[in-house]
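What follows is one structure encoded as structure tokens, with my remarks underneath.
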Protein chains: 2
Amino acid sequence: MTDVPTTPASAEELRAEIVSRYETLSKRLKQIARYILDEPNDIALETLAVIAERCGVQPSAIVRFAKSFGFEGASQMQRLFRDGLLSNNAALGYSERVRQLDQTTSAQDAEPANLLSEFVEGNSLAIQNLLQTVSGADMRAAVDLLMAADTVHVAGFRRSFPVASYIAYSLLQAGKRTVFIDGVGGLGLQQVHAIGPGDLLIAISFHPYSEETVAVVNAAKAHGGRVLAISDSLVSPVAKPAEHVLQIREAEVRKFRSLSASMCLAQALVINFAFEATRTDGKARDGVGT
Amino acid sequence: MTDVPTTPASAEELRAEIVSRYETLSKRLKQIARYILDEPNDIALETLAVIAERCGVQPSAIVRFAKSFGFEGASQMQRLFRDGLLSNNAALGYSERVRQLDQTTSAQDAEPANLLSEFVEGNSLAIQNLLQTVSGADMRAAVDLLMAADTVHVAGFRRSFPVASYIAYSLLQAGKRTVFIDGVGGLGLQQVHAIGPGDLLIAISFHPYSEETVAVVNAAKAHGGRVLAISDSLVSPVAKPAEHVLQIREAEVRKFRSLSASMCLAQALVINFAFEATRTDGKARDGVGT
DNA sequence: TAAAGAGTGGAACATATATTCCATAGCGTG
DNA sequence: CACGCTATGGAATATATGTTCCACTCTTTA
């Protein structure tokens with residue numbers, strides 16, 4: 001038992017100790033270490049059996065862990081976290097805690113923490129607004145376009161680039177033939193020539209709509225491809241020619257337009273497709289089997 | 001046993017019930033009632049024996065109390081307070097909420113409409129949790145690292161690629177010398193050689209931490225550069241060697257890890273930097289002007 | 001490839017903790 | 001003042017929970 005000479009005296013101390021000794025721990029002990037760092041509340045409130053199950057480990061392993069950090073048993077370690085829990089918020093009664101919660105989102109000035117909370121609030125709202133602008137039917141239609149496509153091409157530049165790259169990467173992961181039109185080396189428009197009938201272009205573009213994207217959309221249409229647009233308006237230059245549009249109203253914090261909502265929609269779309277694809281695969285195989 | 005027909009379903013409900021029935025209680029039961037109203041945390045966290053001693057009562061009296069309020073035993077009453085402790089504290093309840101969301105959603109089908117709203121909810125929670133895992137001081141420190149850096153290098157592959165590309169793009173927009181280590185053409189590690197002392201590497205990486213990113217981080221340290229890590233754990237291979245870590249707990253919907261929270265943090269970081277940069281610029285000019 | 005060692009799972013065990021039960025004390029009422 | 005009823009304390013019991021131990025596995029090393 002490679003225990004540390006001095007037993008940690010507070011939850012913080014223990015966390016620090018875990019971080020520094022992490023590399024020297026065995027597989028299971030690492031597993032537990034991560035869990036403790038991630039969910040100190042669980043350690044404080046749940047029983048060993050529950051904790052053990054949640055991090056996929058035997059209760060005895062947790063005891064071993066505690067001992068290797070100088071505790072007499074797992075219970076002593078738990079006590080540490082319970083105490084921490086209380087001293088962090090217990091002085092406050094209920095009403096005070098609720099008030100504290102409100103304050104985190106309301107105060108305004110350009111200090112780092114507050115800026116973050118503005119983004120948190122703004123993006124959170126924008127994401128929830130997705131449910132208003134995108135219906136289940138829209139999603140269904142978008143997934144159908146994906147399912148029907150031979151090859152999927154994805155285009156998005158500047159601010160939309162991250163979203164486009166995410167979609168392209170994930171579709172590839174899901175086993176779909178995908179081409180990411182990334183414009184590297186000025187190939188932007190050349191890559192478009194690969195689009196043919198039966199292919200789908202996913203075009204992502206927001207307010208000042210980049211010329212490249214618009215050009216790619218038009219080229220895709222010219223080659224007989226179909227287009228799914230992700231944009232902020234139904235009448236934007238990328239949305240107008242498209243077979244289908246998923247509309248997003250992004251958060252705007254201090255004049256900077258955000259991206260979280262777009263990412264959220266992108267994920268929902270791609271994973272929806274992945275589910276649909278495996279489901280259909282299964283059916284196809286079943287059909288052959290009989 | 002004068003029990004109430006309906007068992008309270010939340011700590012708040014129980015408190016209200018206690019207040020209204022207070023006068024009808026016997027001496028000991030009043031004693032306990034007062035204690036519960038005063039120290040709900042104790043009820044949540046301590047053992048019956050401890051609670052009993054603290055309010056000068058026998059453990060059995062507490063059991064009687066619980067039963068007279070419709071509980072099966074004192075333990076059920078304690079559970080109520082524990083749950084309340086978590087759900088009233090945004091700070092503490094994240095994983096608990098996620099677990100609940102997980103349960104309510106895993107039952108339903110992966111239908112397009114459902115899936116979108118699952119993502120909406122999950123990401124919304126994850127974004128709000130950012131305020132817990134990254135403090136104002138963390139943001140400040142990260143911005144300081146950016147300010148002090150000569151050139152900023154940004155690395156993130158696979159799932160983290162979109163976030164990295166966003167950061168790199170935005171920093172460039174903000175006028176910072178920035179290099180995006182995108183690994184195109186297998187240049188990944190070669191690009192690292194450009195990192196020198198006085199430079200900063202922003203490394204973004206989540207659970208199965210890609211080898212490339214880890215390698216880049218180590219190389220950066222070897223060249224005397226500083227490292228800012230954006231990761232999901234303090235003990236991840238990219239976080240350990242870093243000067244500073246911004247920790248993110250991403251949403252996980254149907255086993256797929258999300259990205260919205262990362263994007264949100266990335267934006268907050270970059271824009272924070274942009275504000276700080278212009279502010280300092282202004283001061284510098286003022287200084288020269290006088 | 002075999003041997004030694006550390007790490008691990010799971011059942012057996014010990015302990016802590018909640019709950020029940022009953023004898024008795026306290027209190028109101030006839 | 002005595003009777004009966006409710007409330008109470010505390011010991012006995014049941015249960016839940018933590019801990020130990022040992023056989024087995026997986027690594028490492030010679």
Side-chain angles (χ1 to χ4, degrees), chain A residues 1-4 7-8 14 18 21-36 39-83 85, chain B residues 1-4 7-8 14 18 21-36 39-83 235:
Chain A
M1 193 187 308
T2 353
D3 65 349
V4 73
T7 307
L14 175 56
I18 291 177
R21 284 185 46 197
Y22 182 77
E23 289 306 329
T24 75
L25 299 173
S26 74
K27 192 173 154 203
R28 281 291 169 291
L29 261 35
K30 274 184 184 162
Q31 221 172 316
I32 296 169
R34 294 186 70 115
Y35 190 79
I36 293 181
E39 316 279 358
N41 308 315
D42 277 15
I43 307 298
L45 298 176
E46 305 290 346
T47 68
L48 276 201
V50 172
I51 299 168
E53 201 205 330
R54 287 196 184 155
C55 60
V57 151
Q58 287 291 324
S60 51
I62 299 178
V63 175
R64 276 199 294 271
F65 180 93
K67 290 195 169 174
S68 90
F69 276 83
F71 296 98
E72 205 177 301
S75 307
Q76 279 83 345
M77 187 171 75
Q78 285 186 288
R79 183 187 320 275
L80 219 60
F81 281 99
R82 284 193 191 189
D83 294 351
L85 198 62
Chain B
M1 194 184 312
T2 356
D3 64 351
V4 73
T7 308
L14 175 56
I18 291 176
R21 284 183 47 194
Y22 183 78
E23 287 309 329
T24 75
L25 298 174
S26 75
K27 193 175 153 203
R28 280 293 116 77
L29 262 35
K30 273 183 185 163
Q31 220 172 317
I32 296 170
R34 296 184 69 111
Y35 190 79
I36 292 181
E39 311 283 356
N41 296 323
D42 276 18
I43 309 297
L45 299 177
E46 305 291 344
T47 69
L48 277 201
V50 173
I51 299 168
E53 201 204 332
R54 288 200 183 151
C55 59
V57 150
Q58 286 292 323
S60 50
I62 299 177
V63 175
R64 276 199 292 273
F65 180 93
K67 289 195 171 174
S68 89
F69 277 84
F71 295 98
E72 203 177 303
S75 304
Q76 279 81 346
M77 187 172 74
Q78 286 186 289
R79 183 189 315 279
L80 219 60
F81 280 98
R82 284 193 191 191
D83 294 352
V235 294

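In the text below, chain A, chain B and the rest are named by the order of the sequence lines, each starting its count at 1.
- In this model, no side-chain donor or acceptor of A:S60 finds a partner on the base of D:dG18 within 3.5 Å.
- In this entry the distance linking NZ of B:K27 with C1' of D:dT6 reads 14 Å, nearest Å.
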Quick one: which protein N/O atoms are closer than 3.5 Å to N/O atoms of nucleotides 22-28 of chain D? Pair and distance per line, please.
none

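- We find that CE of B:M77 is positioned 12 Å from C1' of C:dA18, with the value rounded to whole Å.
- Residue B:K67 contributes atom NZ, which lies 15 Å from atom C1' of D:dT8 at whole-angstrom precision.
- Formation of a donor-acceptor pair under 3.5 Å by the A:Q78 side chain with backbone atoms of A:E46 is found in this model.
- Nearest heavy-atom pair, A:I62 versus A:A74, reported as atom, atom and distance to 0.1 Å: CG2-CB, 4.3 Å.
- Counting non-hydrogen atoms under 4.0 angstrom, A:A61 reaches nothing in the nucleic acid.
- Between B:Q78 and the phosphate of C:dA18, there is a side-chain N or O to OP1/OP2 separation shorter than 4.0 Å.
- The two residues B:V235 and A:E23 come nearest to each other via the heavy atoms O-OE2, 4.3 Å.
- Following rounding to the nearest Å, A:F65 (CZ) and D:dG18 (C1') show an atom-to-atom distance of 17 Å.
- At whole-Å resolution of the value, CD in B:Q58 and C1' in C:dC21 are 14 Å apart.
- Across all non-hydrogen atoms, the minimal contact from A:Y22 to A:K30 is O-CE, 3.5 Å.
- Taking atom CD1 on B:I32 and atom P on D:dA7, their separation rounds to 13 Å, with Å as the unit.
- In the region residues 44-53 of chain A, proximity to DNA chain C at under 4.0 angstrom, judged on heavy atoms, holds for none of the residues.
- Other residues, nucleotides and ligands contribute at most 12 non-hydrogen atoms within 6.0 Å of the CZ atom of B:R79.
- Put simply, CD on A:E72 is 11 Å from C1' on D:dT19, counting in whole angstrom units.
- At most 12 non-hydrogen atoms from other residues, nucleotides or ligands lie less than 6.0 angstrom from CD of B:E53.
- Residue B:R28 places its side chain closer to D:dT8 than to any other of C:dG7, D:dT8, C:dT19.
- Looking only at distances, a side-chain donor or acceptor of A:R82 sits under 3.5 Å from a matching main-chain atom of B:L45.
- Applying the 4.0 Å criterion to OP1 and OP2 of D:dT17, one finds that A:S75 has every side-chain N and O outside that range.
- The cationic atom of A:R21 (NZ for Lys, CZ for Arg) lies less than 6.0 Å from the six-membered ring centre of A:F69 and within 45° of the ring axis.
- Side-chain contact between A:R28 and A:F65: absent, with no pair of heavy atoms (C-beta onward) separated by less than 4.5 Å.
- If B:P59 and B:T24 are placed on DNA chain D by their nearest nucleotide, the residue sitting closer to the 5' end is B:T24.
- For the pair B:I62 CD1 and D:dG10 P, the computed distance is 14 Å after rounding to whole Å.
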